Amino acid sequence: MSRFIMVCLVSSFIILGACSKDHQDLPTSFIYDPPPTPTNFEVVGGNESATLTWSYPANEFGSLDEFRIYYHYEIYNMIELIGTTADTTFIDSLLVGNLYYCYQVSAVDTTGFEGWRTTTGCTFVRSAE
Amino acid sequence: MKTLVIGTMICLIISASAHDAVGGEKLIYAVLFPGLGHIKTGHYGRGAIFAGAELVSLLSLAVTQIQYNRTVEQYDQAKSFYLTADYIGDAQHYYDRMNTKWDDAENLHRYRNILLGTAIGIWAVNIIDMAFIKDGDGPPVSLHVGRDGFLIAKTFTF
């Protein structure tokens, strides 16, 4: 009988052991401090080009690495990185005319962390002819 | 979990003591699976209730355990993506997902422990019930002899 009880004990520990996987503690808080989002974002269409301008707090330029400029395909809600710049102006040239182009811009800090992107700015690009 | 392990050990010690005190093969069956001892001694109704309740508890426990493991994996994945995010939008998305999965895991963990406690409780009550149940002379069987045949009747005890 004692052998039988031992078998039961071992089985119980195996069953309980299978149930012992517990989830870990939740990380305490949100650990990221993103760079500010560029403001006053404007897109002006030209002849087969588009000029993008925006503002950024002067005191944040020290921790800024670059700005990232994206195409925003609104129909698919997808973005595509088209370039980077350290300035608050970007000229997108060699575009196909008679089309609408939409853009978003974000700031990246020196650690490589990217902040929130701006809202989408669109413009109509004229044909050169 | 430690409480449950200690509880199981106490149940086993009680069952071992009960066996020593009362004796009999019926307790071995009762320890083996709830309801089995009752069925072996002819208490089919009570045995079916114990066995059915234990089966439902164990099945629910298994399902909850699988769901819990899956949720913990999803939580770990979300946490990994959150900690390696390089865009604030991704970080926010995976942080929210991680929180949701952690809440789900908490709930499933609680349900799992309740079901585990229920299964152990049914098992313990079954052993205690078996230890104090009267053996009697087994299930009553009666024989009625008629002019054109005979009838054997077996009584089920609850």
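In the text below, chain A, chain B and the rest are named by the order of the sequence lines, each starting its count at 1. As the structure is a prediction and not an experimental result, all values here were calculated from the model.
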Practice item. Group every Ile, Leu, Val, Met, Phe, Trp and Tyr by side-chain heavy-atom contacts under 4.5 Å, then state whether B:Leu61 and B:Val56 land in the same group. Key: no
Study note, to complete from the structure: Note: B:Ala91 and A:Phe113 closest approach over all heavy atoms is CB-CZ, 4.2 Å
Point to revise | Cluster check B:Leu83, B:Phe81: I/L/V/M/F/W/Y, side chain < 4.5 angstrom | key: yes
Point to revise | Same cluster (ILVMFWY, side-chain, under 4.5 Å), A:Val44 and A:Phe41 | key: no
Exercise for review: Have a look at A:Tyr32 and tell me which of B:Tyr87, B:Tyr82, B:Tyr95 forms a ring-ring contact (aromatic ring centres under 6.0 Å, His included) with it.
Suggested key: B:Tyr82
Point to revise | hydrophobic_cluster_shared for A:Phe90 and A:Leu64, side chain cutoff 4.5 Å | key: yes
Point to revise | Close side-chain approach of B:Ile88 and A:Phe30, heavy atoms under 4.5 Å | key: yes
